[in-house]
Amino acid sequence: KNLILYRPFYLQLTNMPSINYSIQKPSSPFDVDKPSSIQKQTQVKLRIQTDGDKCGGIPIQLQLKEKKKKGYCECCLQKYEDLETHLLSEQHRNFAHSNHYQVVDDIVSKLVFDFVEYERDMPKKKRIKYSV
Ligand SMILES: [Zn+2]
């Protein structure tokens, strides 16, 4: 008997990956072949434009930034739309100032501090004393 426990996951592509031996060396063999210099640049531009069209004309770089902002907070067990805004939220700030980091501090306390620790730079007024 064949019991299905999880929903199947599919991937449908117009072109399945193929190993490209002719591409220049550090490039991935699964990269699409990009012929040299000028042609390459126009190709990249074209691709950005077409991708942009799919997402309502948003430039691809902006789109990536948006993606970076979004995420999931493992402390608050909460999804957020914007990282900075989430870090300023009450829930997250409460966590950040809580004793939930004791597990980290316990490990840190086992490490040896062997850097040179300078005193904080004195404000300018005090330094003038030396030069006088
Ligand atoms: Zn959080």
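All residue numbers refer to positions in the sequence shown, counting from 1. Just so you know, these numbers come straight off a predicted model, no measurement behind them.
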So with a 6.0 Å cut-off around CD of E74, is the heavy-atom count from everything else above 12?
-> no
Partner set under side-chain contact (heavy atoms from CB on, under 4.5 Å) for I19, not counting sequence neighbours = Y21, P29, F30
Sorted by chain and number, sequence neighbours left out, side-chain contact (heavy atoms from CB on, under 4.5 Å) with N94 holds for E90
Apart from F95 itself, what residues make up its hydrophobic cluster, given side-chain heavy atom links below 4.5 Å?
-> Y101, V103, V104, V108
For atom CD1 of I4, decide whether the heavy atoms of other residues, nucleotides or ligands shown that lie under 6.0 angstrom number more than 12.
-> no
Could you pull out all residues at least two apart from S27 that satisfy side-chain contact (heavy atoms from CB on, under 4.5 Å)?
-> I23, D31
Who pairs with L11 by side-chain contact (heavy atoms from CB on, under 4.5 Å), at least two apart in sequence or on another chain?
-> L13
If we ignore angles and hydrogens, is there a donor and acceptor under 3.5 Å between the side chains of S18 and N20?
-> no
R93 to L88 - nearest heavy-atom pair and separation = CD-O, 3.2 Å
Starting from Y80, walk the hydrophobic network (Ile, Leu, Val, Met, Phe, Trp, Tyr; side-chain heavy atoms closer than 4.5 Å) and list everyone else you reach, by chain and number.
-> L83, L87
S98: side-chain hydrogen bond (donor to acceptor under 3.5 Å, both in side chains) partners, not counting sequence neighbours = H100
Could you list the residues that satisfy ring pair (Phe, Tyr, Trp, His ring centres under 6.0 Å) with H92, not counting sequence neighbours?
-> H86
side-chain hydrogen bond (donor to acceptor under 3.5 Å, both in side chains) contacts in which one or both residues fall within residues 3-17, not counting sequence neighbours = none
Selection residues 97-120 - residue pairs positive for salt bridge (Lys or Arg N to Asp or Glu O under 4.0 Å), sequence neighbours left out = none
